[in-house]
Protein chains: 2
Amino acid sequence: MQAAQTWQSVQHEVLRRIHAREWKPGDLIPNEAELAKELGCARTTVNRALRSLAERGLLERRRKAGTRVAAQPVAKATLNIAVIRHEVEDRGARYGYQLALREARVAPTHISAALGVGVQDRLLHVVALHLSDDAPYALEDRWINAVHVPAALEQDFRSISANEWLLQNVPYTRGEISFAAKPASAENAKHLNCPENSALLAINRLTWDHEQSVTAVQVLFAPGHHMRARI
Amino acid sequence: MQAAQTWQSVQHEVLRRIHAREWKPGDLIPNEAELAKELGCARTTVNRALRSLAERGLLERRRKAGTRVAAQPVAKATLNIAVIRHEVEDRGARYGYQLALREARVAPTHISAALGVGVQDRLLHVVALHLSDDAPYALEDRWINAVHVPAALEQDFRSISANEWLLQNVPYTRGEISFAAKPASAENAKHLNCPENSALLAINRLTWDHEQSVTAVQVLFAPGHHMRARI
DNA sequence: CATGTTTTTATGTGTATACATAACAGCATG
DNA sequence: CATGCTGTTATGTATACACATAAAAACATG
């Protein structure tokens, strides 16, 4: 073997050996220096290839211990959570938006607790419906930490969704996201134009800017919605 | 600014500027050479830092065009789809496994079509329940392409789940995954010990080994299940 | 023999350098 | 004026080299 000058070609060769079971799950593979010599390239190049495979979860690397083929390759599905408008437009549909509710009020305790604000603090609550070719696509129910983001109180969110406005105007440094299935409440069902108790895909997000919470949002998708990803 | 000797520190500094809105969404940032000079490190180091931020979706890079802060940072949620046994054990619960069905038969047409096999081919159909502390955790309904993986016909899947056996024994080169919410059928409800039509989180996976399909599986999680991820 | 220390080793990273490549801009030519 | 060429520029990557660091293994010492 020789002349594998690019890190991609090294990666392909390593992948080939894994898929061909020349290197089986759990096996220790040759170290970087040996592979570099065998494949006729620099160790840096091998490192680049192996590091990227490790990031994808196919290899497990530890200093001194060496590199081994992941025993049970944890499939990493990367979901792109885009602005809902873009998601709809990317499917080639016409996007529509309807503000359903906008109020500044004291939040239920589970919300103020999640956002780490006082139970007396007034937060901004926005509910909006996103449409795809005039059909209900997703229902967004959002609480914005108005203490940290007072500018949100100036916005009426009639023509731009809170989803989009926040992304453009308020940075965040970290966030949590979770996926679940939920039955449609009577209120949900009315907005999404579906039977009550329909199974809805729910995405909950909570974002923070350093130590300050920014927003907590639940997005409920219309029945039948799928989120797809590559492995 | 100087003495930012590690790519992580360069990355932190870049992140700081983005979060502090010194570089706003859509802005073109200085090129690698300039940043390297300003921060007092090699261009390679800057490259390492920026490449990794681009992979995370915070920067958009194009040759010659330069690097800009992502206008609408598409949040990338990376979900780790582990072996179900590990998922349960990682939560500190006792794992249990019950095989519900194992049969070799001609598959429904939507399955044989998805797997790209002939409508006459006999496939292996396995249904199993995964338990967490004796409570139903997830219901796995799987079809295995027995034409490509004849060894699966030798396995009874009584003590090891198909989930785990396949990962250890059959490689795949690519796959698709999708998430949805589905109402529990009468059959599902019985297995998962929940009311019929409960909202269930469903994960569908289809994997391929080069041009051959390997398996199509649907995993239905018990009501209330959440999948979590960081952003 | 148990426990702490040193050595060795594999990966991780920083540097300087060189060349490759994509893409834009401007120029030339029909 | 459209179309194609050509140079310039920013990122992408390969190389050799050096040193850092984590961790296993070997060793020493009470």
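Protein chains get the first letters and strands the later ones, always in sequence-line order, with residue 1 at the start of each.
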Distance check: side-chain N/O of [X] vs OP1/OP2 of [N], anything under 4.0 Å?
X: B/R51; N: D/dT11; result: no
X: A/R43; N: D/dA16; result: no
X: A/N47; N: C/dT13; result: no
X: B/T67; N: D/dT11; result: yes

Nucleotide of [options] approaching [X] most closely (side-chain heavy atoms):
X: B/T45; options: C/dG14, D/dA24, D/dT11; result: C/dG14
X: B/T44; options: C/dC24, C/dA16, C/dT9; result: C/dA16
X: B/Q8; options: C/dG14, D/dG12, C/dA10; result: C/dG14
X: A/W7; options: D/dA14, D/dT11, D/dA24; result: D/dA14
X: B/C41; options: D/dT11, C/dC24, C/dT15; result: C/dT15

For a quick check of understanding: with a heavy-atom distance under 4.0 Å over all strands, which category does B/A65 fall into, base, sugar-phosphate or nothing? nothing

Check this for me: does any side-chain nitrogen of one of B/E60 and B/R68 sit under 4.0 Å from a carboxylate oxygen of the other? no

Side-chain donor-acceptor pair under 3.5 Å between B/R228 and A/S178, yes or no? no

A/L139 CG to A/Q218 CD distance, which is reported to the nearest 0.5 Å: 8.5 Å

